[in-house]
Amino acid sequence: MTPTPPSPKGLPEATRADSRPVNRCDHLGAHPFSDTQDGLFRAYLSDAYAATCKQVAQWMHEAGMTTRTDGAGNLIGRYEGQTPGAPALLIGSHLDTVRNAGRYDGTLGVMLGIEVVAHFAAHGERLPFAIEVIGFGDEEGSRFPASMLTSRAVAGTLDALPLDAVDANGATLHEVLHKNGLDPTRYLEAAYRPEQVVAYMEAHIEQGPVLEAANLSVGVVSAIAAQYRFKVSIQGVAGHAGTMPMSLRKDALAAAAEAMVAIERIGAAGPTDLVATVGQLHVGPGASNVVPGQTTFSLDIRAGTELVRDQAAAEICETLQTIADKRGVGLSIELQNDLPATPCNPDLTTQLAASVTHMTGQAARKLVSGAGHDAMVMAALTPVCMLFLRCHQGISHNPAEAVRHDDVHTALLVMLDFIRTFATTTAHKPTEFSA
Ligand code: GLV
Ligand code: MN
Ligand code: MN
């Protein structure tokens, strides 16, 4: 059993009994905060995303923050420190979701950031740094074939914007930005200068079963796995399903099926941290009486190190080419996202682990995250750390995602303890900056 964590100075009873961050995620789990009537799907810069930002901005105001939308459409709330304009501790996660999502992936981290500020503000507590809570717009690649666009803009690592990228309805990023009142030429102005920030912290559900199996409320992330996303296209020849003999077909879907089984085999044969996934498949022309002439599918490959990921990617590409040659179909493999393995900052991670122990009375479990997070992008800007929360049966990217209110309460205590300790142990630059 997890011992009852000590109560921090003046934490409101209501927050302990019933988790406001969880209730808020639940509130955001349906229309108008979802683009679909059934289940949750919140795409970057969609109507549901706009409604969500409006609601979250209101909660940020109530917590004592000023708010702004940056050039990339991220929602940012700011709570000043002891000196107005001081560099900020960033607390962030994402507000977009996958299709048919759970309610806590990303959103819970933003709600916890707001709760942290609400707690400091309610006690008139100002820190030697400001706190900025960021709700990122695109972590999942929820709308365009590129992920982490918005944290890359904030971290200053997005060199060029894929303005011609199209969503499922054929709208370009350029058009969608305009529709949302955002100027594409100002997108990259979302970037912070390193001297404007002191660190980045993210709280997120684990999305895996380790903490639950160990009966732990929270854990500390030591590193985030390397990730590739590819778009694979196979070009066959469409033909009449009744007249084209089997021996003469160039069936793009049958080729894709063989490719997918090979991808699964290569992924399973590697080290346990290697995973390879095909999650999207489009078949053209897509009629029951037509031999498929064209297929495209996504390919997601991840591992704890770039070496393992890259070796698997090379083997998969070679195997797919062999399959294509054997079947006489065309093959193209386009790299869409390359995220290197990202260690969290060792000093911050040690300090976060100490806060876990302080607040739970248990040694902090360290985990490598197989899921990608905005933190892995933000690490290019500033030192990052991540706190994981137990989630039910490790289920995520699924409406069955669930968290315990008491775990969220524990996470809040850990974050408050970490921030207070960080405030006393870090030498903060006296210079003033405007965000
Ligand atoms: C985000 O959830 C990812 O890991 O793809
Ligand atoms: Mn996700
Ligand atoms: Mn997430």
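In listed order, ligands and their atoms are each counted from 1. Both backbone and side-chain heavy atoms feed into the values below; hydrogens, waters and symmetry mates do not. A quick note: this is a predicted structure, and the numbers were derived from the prediction, not measured.
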Novice: Please answer whether the main-chain N or O of C391 pairs with a side-chain N or O of E206 as donor and acceptor at a distance below 3.5 Å.
Specialist: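 Checking the backbone N and O of C391 against the side chain of E206, no donor-acceptor pair under 3.5 Å is found.
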Novice: Find, among atoms of E140 that are N, O or S, the one nearest to the Mn ion (ligand 2), and state its name.
Specialist: OE2
Novice: Closest to the Mn ion (ligand 2), which N/O/S atom of H397 is it?
Specialist: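 The Mn ion (ligand 2) is closest to the H397 atom NE2, counting only N, O or S.
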Novice: For ligand 1 and D105, I'd like to know whether there is a polar contact (N/O to N/O, distance under 3.5 Å).
Specialist: no
Novice: Could you tell me how the ring of F120 sits relative to the ring of Y79: parallel (under 30°), tilted (30 to 60°) or perpendicular (over 60°)?
Specialist: parallel
Novice: Can you list the ligand 1 atoms lying under 4.0 Å from a non-hydrogen atom of A371?
Specialist: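 Here the atoms of ligand 1 in question are 4 (O).
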Novice: Quick one: which of F388, Y200, F136 gives a ring pair (Phe, Tyr, Trp, His ring centres under 6.0 Å) with H373?
Specialist: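 It is F388, the one option of F388, Y200, F136 that forms the ring pair (Phe, Tyr, Trp, His ring centres under 6.0 Å) with H373.
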Novice: Taking salt bridge (charged side-chain N to carboxylate O under 4.0 Å, His left out) as the criterion, tell me which of D300, D338, D273 meets it with R309.
Specialist: D338
Novice: Pick out which of T421, V356, N345 makes a side-chain contact (heavy atoms from CB on, under 4.5 Å) with Q351.
Specialist: T421
Novice: Count the heavy atoms belonging to other residues, nucleotides or ligands that lie under 6.0 Å from CD of E175, then report whether that count exceeds 12.
Specialist: yes
Novice: Check each atom of ligand 1 against the heavy atoms of E140 and keep those under 4.0 Å away; list them by number with element.
Specialist: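 Here the atoms of ligand 1 in question are 1 (C), 2 (O).
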Novice: Within less than 2.8 Å of the Mn ion (ligand 2), any N, O or S from E139?
Specialist: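 It does not: E139 brings no N, O or S atom closer than 2.8 Å to the Mn ion (ligand 2).
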Novice: Report the residue from D96, D138, D167 that forms a side-chain hydrogen bond (donor to acceptor under 3.5 Å, both in side chains) with R143.
Specialist: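 The option that passes is D167.
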Novice: Is any N or O atom of Q207, backbone or side chain, closer than 3.5 Å to an N or O atom of ligand 1?
Specialist: no
Novice: Please determine whether H94 has a backbone or side-chain N, O or S atom lying under 2.8 Å from the Mn ion (ligand 2).
Specialist: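 So H94 does not bind the Mn ion (ligand 2) by this criterion.
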Novice: Heavy atoms only: which of H373, H397, R302 lies closest to atom 5 (O) of ligand 1?
Specialist: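 Selected option, by shortest heavy-atom distance: R302.
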Novice: Regarding R99 and D35, does a basic nitrogen lie under 4.0 Å from an acidic carboxylate oxygen?
Specialist: no
Novice: With heavy atoms only and a cut-off of under 4.0 Å, state how R229 meets ligand 1: side chain, backbone, both or neither.
Specialist: side chain
Novice: Find, among atoms of D105 that are N, O or S, the one nearest to the Mn ion (ligand 2), and state its name.
Specialist: OD2
Novice: Quick check on contacts: which atoms of ligand 1 are under 4.0 angstrom from a heavy atom of G372?
Specialist: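 Answer for ligand 1: 1 (C), 3 (C), 4 (O).
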